[in-house]
Trainee: 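Encoded as structure tokens, here's the structure I'll be asking about.
Labels below follow one simple rule: chain letters A, B, ... track the order of the sequence lines, proteins then strands, and each chain is numbered from 1.
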Protein chains: 2
Amino acid sequence: MSADLTRNQTLVMKTLSGAEAPLSAYTILDRLRDDGLRAPLQVYRALDKLTEMGLVHRLESLNAFVACAHPNCHEQELIAFAICEACGKVEEFSDDVVKDRLDGWTRAHGFRPAKTTIEIRGNCGGCVGKA
Amino acid sequence: MSADLTRNQTLVMKTLSGAEAPLSAYTILDRLRDDGLRAPLQVYRALDKLTEMGLVHRLESLNAFVACAHPNCHEQELIAFAICEACGKVEEFSDDVVKDRLDGWTRAHGFRPAKTTIEIRGNCGGCVGKA
DNA sequence: CAAGGATGTGTAATGTCATAACATTATTGT
DNA sequence: ACAATAATGTTATGACATTACACATCCTTG
Ligand SMILES: [Zn+2]
Ligand SMILES: [Zn+2]
Ligand SMILES: [Zn+2]
Ligand SMILES: [Zn+2]
């Protein structure tokens, strides 16, 4: 299990790992033209797999992707993202209390959750200081 | 304040209020062709205003819009959405504990939040029963 | 009233994000 | 070797959103 990454997956993963901010699929594609990638699907397919593996997260409010910064992230069941709109930096964290409260609501309402998105947009500490 | 809605805003608001599920901007446009709307921008401009007024919410994970179901919604600072992937129904709720926990994290990290998205995708009680 | 500003509108063109459909090649298990 | 599975390459298309420009309306203020 956790098989090695394929060529395209490796290329996409490296691009995201080296980025300072989330990247759109098309931006990734542009950066991999020289490596032979030509079509959006090549990137999207790699992103799908990497996301399944928990190595990459999709940020719904940005339509962009970011490498996981959280060591054993896919063991966490609920990840929250704090996204700086000035510098693009993303921090991810988990909070058991938040998870318990949301679980409580869904249980009480008979809702079966499949995937939960928590994204906080704003300005990070470094960027708030810069007036 | 809370000025009356303009013609286009009223049309868009009525369309969303009468919908059973979130609608994309282009779906709204299609439903308003007979009322004279011709271009996406006419819908997007109305949606922007309605969202500012708190009458409409954008669901980031769907790229779609829904009429606010929460009476005095814009007084709440944090709304969570439970979105059924089977029937499309959306329920919105707020939770002060969740809000406090997220506020706690941002304060501790010097992050200044502007907008927070919480969206739970899954299946509602009614749809879970249908096996 | 006239001038100016703010807001709403109409339209075309373009930009951005994502998937469908199909053919081919590589990998794996028996 | 053979079949099954997974990955890849390519073209076209679908879906979501914004830029740019022109015009109309309303309101304010000198
Ligand atoms: Zn992670
Ligand atoms: Zn920042
Ligand atoms: Zn609401
Ligand atoms: Zn349902």
Trainee: Between A/D95 and A/K99, does any side-chain N to carboxylate O distance fall below 4.0 Å?
Mentor: no
Trainee: Looking at B/Q42, does any N or O in its side chain come under 4.0 Å of the phosphate oxygens OP1/OP2 on C/dG10?
Mentor: yes
Trainee: Regarding B/L41, tell me which of base, sugar-phosphate or nothing describes its non-hydrogen contacts under 4.0 Å with the strands shown.
Mentor: base
Trainee: What nucleic acid atoms does B/A39 come within less than 4.0 Å of, heavy atoms only: base, sugar-phosphate, or nothing?
Mentor: base
Trainee: Would you call the rings of B/F65 and B/Y44 parallel, tilted or perpendicular, where under 30° means parallel and over 60° means perpendicular?
Mentor: perpendicular
Trainee: Is there a side-chain polar atom (N or O) of A/R45 under 4.0 Å from OP1 or OP2 of C/dA20?
Mentor: no
Trainee: What is the distance, to the nearest angstrom, from the CG atom on B/L5 to the P atom on C/dT7?
Mentor: 16 Å
Trainee: Rounded to the Å, how far apart are A/Y44 OH and D/dG9 P?
Mentor: 17 Å
Trainee: Over how many whole Å does the gap from B/L62 atom CG to C/dA18 atom P extend?
Mentor: 13 Å
Trainee: Rounded to whole angstroms, how far apart are CG on A/L37 and C1' on C/dA18?
Mentor: 16 Å
Trainee: Is the distance from OP1 or OP2 of D/dA17 to the nearest side-chain N or O of B/N63 less than 4.0 Å?
Mentor: yes
Trainee: Any side-chain N or O of B/T6 less than 4.0 Å from the OP1 or OP2 oxygen of C/dT7?
Mentor: no
Trainee: Quick test of your reading of the model: are B/R121 and B/E119 salt-bridged, counting only N-O distances below 4.0 Å?
Mentor: no
Trainee: Judged by modelled atom types alone, do B/H57 and B/E92 share a side-chain donor-acceptor pair under 3.5 Å?
Mentor: yes
Trainee: Look at all strands and tell whether B/R7 reaches a base, only sugar-phosphate, or nothing, counting heavy atoms closer than 4.0 Å.
Mentor: sugar-phosphate
Trainee: Which nucleotide in the set D/dA7, C/dT19, D/dA17 lies at the smallest distance from any side-chain heavy atom of A/P40?
Mentor: C/dT19
Trainee: C/dG8 phosphate, OP1 or OP2: any side-chain N/O from B/N8 under 4.0 angstrom?
Mentor: no
Trainee: In this structure, how many angstroms lie between the P atom of D/dG9 and the CZ atom of A/R33, rounded?
Mentor: 13 Å
Trainee: Could you tell me the separation between the CG atom of B/L29 and the C1' atom of D/dA17, rounded to a whole number of Å?
Mentor: 12 Å
Trainee: Taking any heavy-atom pair under 4.0 Å as a contact, classify B/R38: base, sugar-phosphate, or nothing.
Mentor: sugar-phosphate
Trainee: Looking at side-chain heavy atoms only, is the closest gap between B/C68 and B/V56 below 4.5 Å?
Mentor: no
Trainee: Provide, to the nearest angstrom, the distance between the CG atom belonging to B/L47 and the C1' atom belonging to C/dG8.
Mentor: 15 Å
Trainee: Do we count B/Y26 as stacking onto D/dC16 if the rule is ring centres under 5.5 Å and planes under 30°?
Mentor: yes
Trainee: Rounding to an integer number of Å, can you tell me how far A/D4 CG sits from C/dT27 C1'?
Mentor: 13 Å
